[in-house]
Amino acid sequence: MPLIKIDDREIEVEKGITVLQAATAEGIEIPYYCYHPALSIVGSCRMCLVEIEGMPKLQVSCNTSIGELPPERKKDGKYDMIVRTQTEIVKRERENVLEFLLLNHPLDCPVCDQAGECFLQDYSYKYGRAHSRFLEEKRVRKNEYLGSNVIINHNRCIMCTRCVRFTREISGTNELFVQARGDNSKISIFEDKSLDNLLAGNVIDICPVGALLSTDYIHKNRFWNLEEKKSICTDCSVGCNILVYSQNNRIFRINARENHSVNGYFICDIGRYGFHRYEDAEKVTSPLIRSDGGFKPISWEGALKEIYEQFSRSKDGEKHQIVGIASPFHTNESLFMFGRLMDNIFKDKSIIGKLPFIEDYEIHFDSGFRISKDRSPNRQGLLDFCLNLEDEILQKVKTGKVRLCYALDDGVDRKLDEEWESFFKSQRFLVVQTYAMTPLAKLAHLILPGPSPMEREGTMTNDQGRIQWLKPSVSLTNKTRPDWEIIMEFMNTVGKRELKYSSVNEVNLEMGERFPSYRGMTFFKIGYQGLPKKNIATSRPSEGGQAGNTVT
Amino acid sequence: MATVVKSYEPTFRDKLYIPALFQGLMLTFKHMFKKKVTIQYPDEKHVPPEGYRGLHRLNKYPDGRIRCVACEMCAAACPAHCIHIVPEPSPWEEGKERYPVRFDIDLLRCIFCGFCEMACPEKAIELTEIYDFADYSREGLWIDKAGLLEIYELTKTQNYYTVPNDE
Amino acid sequence: MNSVGDGQLTFQFSAAERVEQILSQYPDKRSATLPLLHLAQEQVGYLTSAAIETVAELVEVHPGEIMDTVSFYTMFYTKPKGRNHIQVCQTLSCSLNGADSLVDHISEKYKIAPGEVSQDGKISLVKVECLGSCDTAPVIRINDSYYEGMTVEKFDKIVESF
Amino acid sequence: MDLIGFIIICIKVVVVFAATMLAVMGMIYAERRISAFIQHRLGPNRVGPKGLFQPLADGLKFLMKEDIIPAAVNKPLYLLAPAMLLIPALMTFAVIPFGSSLTLFGRQISLQVADINIGVLYILALTSVGVYGIVLAGWSSNSKYPLLGGLRSSAQLISYELAMGLAIVAIVLMTGSLRLNDIVTSQQGHLFSWYVFKQPVAFLIFLIAVYAETNRLPFDLAEAEQELVGGYHTEYSSMKFAMFFMAEYANMITAAALTVTLFFGGWDIPFVDEAAMGNWGALLSGIAFILKTAFFLFLYIWVRWTFPRFRYDQLMNLGWKVMLPLALLNIFITGGILTIIS
């Protein structure tokens, strides 16, 4: 392994990596714009110039790979390369490069959405010179739409071509190219081919300056007002890692978060703009009970009392059947609790099913990025925790019995077909746990208000069996309660249990106790990058010390 | 224990106190005829000294467009967090592409430090010399964009920036 | 936005053996980009987007990269040019010797500004950088011929000969 | 006493009462204006010409204020206290001669409500009763600060009433009568027959004691806004509070009139024989009395805005260790001299 020296530090590095990578890994900052770890190297911004001993000129560190020298040619007897990043000449060159990059760059940080997270700002402040010697008029161009969600501000562009390389190498869609040369060059698209692929939003993320802007976020807020939360996307079963930016409980944008085991550096536009669905939805903020054809708010105590009366006492002396409808949109913790409720409390009286999975077409990009066909985030978790899941529940449920149904709602993406609608209508008492007035909720007798996907907390298992942490990006409002807590209350009320989990972590621990493949998957342990599920076969866990008088 | 420090030993005349009393009386008597400092407020107005920091205003361009680009630098600089801005893309074609749809200042929170003025890159917010803006309700001291522009209309003949407006 | 749109959806090289020959000249197909583009431009007079896509297919790169190249070089045209394409040198020696008045004259005569094509499609005019004949300035180039030591009168005479 | 005499007395009572109340209003105005002037301000100047109606506005405001009676108070005494303070203050004025006598329709009318032969005693008695008002107000409020105020007031009264009484004794010794009219008459003639010149020490003691008696600065320990939040009248509001206010000013007016009567020749104008000038003389003497009183009232205000308040121990020190021995000494000397002369 080559031994190199950067500034005063001796570093042993892999053969073939670049100087920039070596320095960054060691925590030595070398400024750069055009380099991106996921993209090919062009070395066009010249910001990462460093001094390398034995080379007559400054070198771009992003494109200088480290090799091994024969022993007799080693520098100072032992180093394969000696790099200096803080010498006078490097500093001066950085100043000069920045002056060039800023020649045509407007001084419009106050109206620029990138301000606050802009590398041009940061590096100008850190490495730049205070004044430009450029006296001429700056080149001014109009903003253009590159795609329906992307605007380009040509004036701010520094021609790093990250976006161009992205469309060539990651999305493979090739919409962007550099037009003309020199002063006239600009990022452009073919007239008949706008930047509208499913990964288009990522060019906004990777643009180091404020040139590429999202129509969804432009001029909505300032970066420093936003609160950043690390979470995962729940729009398909891949479970991309995301950063959610919100202010005052309102989400403003979603960016990709790096996770090489899941999504790399990027996310798709479905997830990026998906949060608007929950904004538009008609929210359920309080338990609602059906009355006179409509719904009227009811207190939690009232709702639980109603549940007790319906579920624990058989009217007309008939034997009743309890139908549980689980949802792959819920967290592992909620599904674990739901499975427990159905299997251990209602026992043989219950049957557990699910609505048909929401499936769309699967999308693969050449770079390896994929959007799963399965558009529900936690199918794996559903299968893991609801062991007696009936696939053909419509056939299995026998007619003529008293039927009580408890359904976890899939949410705003779910449309009900006629068959399912009539199934739900035939229920004697339908409890729906949801966050919005979905078609399913409209059929309910009692609606319990749960959190929306952006408010949920728990773990999710993606289609690769990776357990990841879904963190709430906005807090619960009004009378809504976490899903697991509602199910726990259900168990306590109907099953006469005295479960007292005070947080989702405790449910998580209990879940690990009962399901060996999830053992030890605490939030602390899985962290922000997630962990693969253990490959242990699951057997039916039983509830210790059951109360005998649960359902009469 | 307290230490007694005698800095001055009173003389017999001092101990009589009577002359000192008269001295005091004469002093207040003399003051009765001095010039009065009272300003008869609603009839007479106080003229604040130069650089006085009073009510805010939002400046406009000569064509009537608002100068503010909703960059929120003032809100960021504000130590009292009294400025609340909601930005939006501007409706006009030419000029700045961003403008505030809402611009609220909570005057009860404001400490009139003038940092917003200093932070403003567009010379849009400015502290006028208006000092009498009392109100009967808290809501009345929540001044919005329309109110701030109105203040500009009232005071547009003046430029309160201590550095001359270079545009 | 770049405008390559011209309604022509397909493009076919008329001299297929020439294409083969160019491609065989280079070890790497990409290297044939420029000669092929020139060939395509000779055929139609400018580069249609269909032509660019055809070339891209032949050299096995993305059309975007071909577009990069096309827009980089001034000799490639993505818009139709006039039947007689007049290029006026405006670099130092030509400029000093009256290239500007020549441009003014042509503009006035055909009612076109530099960079435009006359309405009947006969004439197009561009100002270009050094044409490499500084000793005989000012120089203009009409299609592929050089005309040196130009004056307004001389230009009129040449034009008459067409 | 015939009917006409009774009517005359009634008229005198009404006139004196009205004049006192008017003077109270004037004093409120004067106090605010003069204090403002001393502090380079303008003072009230917006209600009526030069702000002259300010006291009326103040009174009106007091009337409009909510009348709060705290739940913990001893109600009868709480309600009685302001009256206890105000009534003696007004009653004292009954014995003070405010001019020589008028002759109307052949009837001699002395300008004095009641010419009683123990006038001085009457005054001493009534001012002592006034203090009950303060003590009662302080006690009945059932609250800490008022109680402290009331206690201070009673302590102050004992300390200073003594000195004051002894100072007057010197005058009485020289006059040989307790009747105030006699005291005035004995000062008639030239300027130096005023007792202020004959008894300067007694005057000084009397003046200081009178300030303490009326609870005016620098002796307003019973009120002491800074420490006692208003002292005995902390729990009072509206008109009841106004009555304390009025009582204070009425007391001041009485005290000023008394000072004039005892030491400045009363209604006497030096070198002028009022009796010889008939009714005009009476009028002039009245005016002279008013002017002299006015000066002392002004002095009250002037002193108030000049000197700081005494500390409680200083007050006691002054009262017991300076004033009382001094007054006693004065009586001895006066008595000695009188004995030698006679």
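Scope of the values below: all heavy atoms of this structure, side chains included, with no hydrogens, waters or symmetry mates. By convention in this document, chain letters (A, B, ...) are assigned in the order of the sequence lines, proteins followed by strands, and residues within each chain are numbered from 1.
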Practice task
Check each atom of B:Ala75 against the heavy atoms of chain A and say whether the ones under 4.5 Å are side chain, backbone, both or neither.
Solution key: neither

For a quick test of your reading: what N or O donor-acceptor pairs under 3.5 Å do the side chains of residues 102-113 of chain A make, sequence neighbours left out?
from: A:Asn104; atom 1: OD1; to: A:Arg139; atom 2: N; distance (Å): 2.9
from: A:Asn104; atom 1: ND2; to: A:Asp183; atom 2: OD1; distance (Å): 3.2
from: A:His105; atom 1: ND1; to: A:Arg156; atom 2: O; distance (Å): 3.1
from: A:Asp108; atom 1: OD1; to: A:Arg156; atom 2: NE; distance (Å): 3.3
from: A:Asp108; atom 1: OD2; to: A:Arg156; atom 2: NE; distance (Å): 3.2
from: A:Asp108; atom 1: OD2; to: A:Arg156; atom 2: NH2; distance (Å): 3.0
from: A:Asp113; atom 1: OD1; to: A:His219; atom 2: N; distance (Å): 3.3
from: A:Asp113; atom 1: OD1; to: B:Arg98; atom 2: NH1; distance (Å): 3.2
from: A:Asp113; atom 1: OD2; to: A:His219; atom 2: N; distance (Å): 2.8

Problem - Pair B:Glu153 + B:Lys156, salt bridge at N-O below 4.0 Å - result: yes

Exercise for the section: Please work out which of the three classes, parallel, tilted or perpendicular, describes the rings of A:Phe177 and A:Phe190, given edges at 30° and 60°. Expected result: tilted

Fill in the blank from the handout: residues 124-144 of chain A vs ring-ring contact (aromatic ring centres under 6.0 Å, His included), sequence neighbours excluded, gives A:Tyr123-A:Tyr127

Exercise for the section: Between chain A and each of B:Glu97, B:Met73, B:Glu88, count heavy-atom pairs under 4.5 Å; write down the option with the most. Expected result: B:Glu97

Exercise for the section: Please state whether the side chain, the backbone, both or neither of A:Asn225 comes within less than 4.5 Å of a heavy atom of chain B. Expected result: side chain

